[in-house]
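Since the structure comes first, as structure tokens, the remarks are kept for the end.
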Amino acid sequence: MFHQKISSHLSPRTLSLLALAVVSASAHGQVTKSGDGYLLRVKYVKGQTLKYSSVNSIIGAQGGGQPMKITMPMIMKITDVTKGYAKASITTGPAMLGKNPMSKAQTVFIELSPTNAAKSKGAPGIAGAQFPLKPVKVGQTWSMAAPIADTSGMTGGDIKAMYKFGGLKTVNGKSMAVVSYSLSGGVTGGGTLLLLAADGTLYSNVAKITLNASAGNMRLSSEMKRV
């Protein structure tokens with residue numbers, strides 16, 4: 001009964017917020033020096049399977065202001081790579097409240113360009129962070145829509161993302177590219193990504209996001225890591 005009561009407060013749009021926190025970090029780009037900047041590109045490998053886990057805290061989804069602790073896995077599988085374009089399936093979920101599932105796992109099939117953009121403009125769903133065509137200097141920003149997919153098949157094209165390249169730093173003996181981002185348009189907040197510079201795969205993502213709704217704001221804190 002307790003689980004059913006909480007679940008009723010989580011709309012498809014709210015569950016999409018969880019998915020956004022996960023997949024906004026799913027870009028993988030090679031980081032190479034180019035002039036006085038760095039070129040960010042995607043290099044996927046056929047047969048690659050990338051697994052991630054996120055731990056999320058939501059405030060505002062239930063009475064009393066008590067946070068809900070929800071876990072959300074993500075699995076990205078690369079089925080083919082042709083001329084730099086990767087065919088991928090991205091599965092998010094199920095979202096779990098303790099041992100109780102709150103949503104079913106959902107899979108989006110998408111074809112991604114070398115800048116991690118969806119090849120087809122009509123393709124639904126989740127591409128994650130997209131990279132600019134030209135090299136970026138440390139401190140430089142770029143922006144684009146932040147697509148999400150909910151259970152109704154609609155996308156959040158009104159949500160925008162502003163990314164900022166923070167340069168390279170060493171974490172646990174490995175070179176990492178630091179990319180921070182902020183969101184606007186129905187949601188506010190943002191986070192910081194660490195990408196392995198050697199192959200561009202995601203190392204971690206820490207985000208704090210607020211969903212602005214007429215029924216009240218919902219605050220999400222999310223920590224994501226490779227497993």
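- No side-chain heavy atom of Val179 sits under 4.5 Å from any side-chain heavy atom of Thr192.
- In this structure Val136 satisfies the side-chain contact (heavy atoms from CB on, under 4.5 Å) test together with Leu40, Pro132, Gln140, Trp142, Phe165, sequence neighbours excluded.
- Side-chain contact between Tyr85 and Ser113 is present, with heavy atoms from C-beta onward closer than 4.5 Å.
- In terms of the side-chain contact (heavy atoms from CB on, under 4.5 Å) criterion, residue partners of Ser175 (sequence neighbours excluded) are, by chain and number, Leu168, Ala197.
- Contact annotation: the side chain of Lys77 never approaches that of Thr91 to less than 4.5 Å [non-hydrogen atoms, C-beta and beyond].
- In plain terms, the two heavy atoms of Met76 and Ala88 that are nearest each other are CE-CB, 4.1 Å.
- Under the 4.5 Å side-chain contact rule for hydrophobic residues, Leu97 and Leu220 share a cluster.
- With Arg41 contributing its side chain and Leu133 its backbone, the two residues share a donor-acceptor pair below 3.5 Å.
- Note on Ile209 and Val206: separate hydrophobic clusters, where clusters join Ile, Leu, Val, Met, Phe, Trp and Tyr whose side-chain heavy atoms are under 4.5 Å apart, directly or indirectly.
- Heavy atoms from other residues, nucleotides or ligands lying under 6.0 Å from NZ of Lys104 number 12 at most.
- A heavy-atom distance below 4.5 Å is found between the side chains of Asn205 and Tyr181.
- Atom CZ of Arg226 sits about 13.5 Å away from atom CG of Leu194, to the nearest 0.5 Å.
- Qualifying salt bridge (charged side-chain N to carboxylate O under 4.0 Å, His left out) partners for Lys137, counting only residues two or more places apart in sequence or in other chains: Asp36.
- Residues Met68 and Val55 do not share a hydrophobic cluster, clusters being chains of Ile/Leu/Val/Met/Phe/Trp/Tyr side chains in contact below 4.5 Å.
- For Ile70 against Met102, the heavy-atom pair with the smallest separation is CD1-SD, 3.7 Å.
- For the atom pair NZ of Lys69 and CD1 of Ile58, the computed distance is 10.5 Å after rounding to the nearest 0.5 Å.
- Between the OG atom in Ser53 and the CE atom in Met72 there is a gap of 10.5 Å [rounded to 0.5 Å].
- Annotation: side chain of Ile78 is not in contact with side chain of Val45 (no heavy-atom distance under 4.5 Å).
- Closest approach of Pro67 and Ser57 over heavy atoms only: CB-OG, 3.4 Å.
- Scored by the side-chain contact (heavy atoms from CB on, under 4.5 Å) test, Thr79 finds Lys87 as partners (sequence neighbours excluded).
- To the nearest 0.5 angstrom, Lys134 atom NZ is 11.5 Å from Ser34 atom OG.
- Cluster annotation: Met96 and Tyr52 are assigned to distinct hydrophobic clusters (Ile/Leu/Val/Met/Phe/Trp/Tyr, side-chain heavy-atom contacts under 4.5 Å, transitive).
- Rounding to the nearest 0.5 Å places CE of Met218 at 10.5 Å from OG1 of Thr210.
- Leu50 and Leu195 fall within the same hydrophobic cluster, defined by Ile, Leu, Val, Met, Phe, Trp and Tyr side-chain heavy atoms under 4.5 Å apart, directly or through other members.
- Shown here are the ring-ring contact (aromatic ring centres under 6.0 Å, His included) partners of Tyr203, two or more places apart in sequence or in another chain: there are none.
- When all heavy atoms of Gly139 and Lys164 are compared, the closest pair comes out as O-CE, 3.6 Å.
- When the side-chain contact (heavy atoms from CB on, under 4.5 Å) test is applied to Ser182, the partners found at least two apart in sequence or on another chain are Met162.
- Scanning both residues, Ser221 and Lys208, for their nearest heavy atoms gives OG-CG, 3.9 Å.
- Within the 4.5 Å cutoff, side-chain heavy atoms of Tyr38 are placed close to those of Val138.
- Closest approach of Ser222 to Asn56, counting heavy atoms only: OG-OD1, 2.7 Å.
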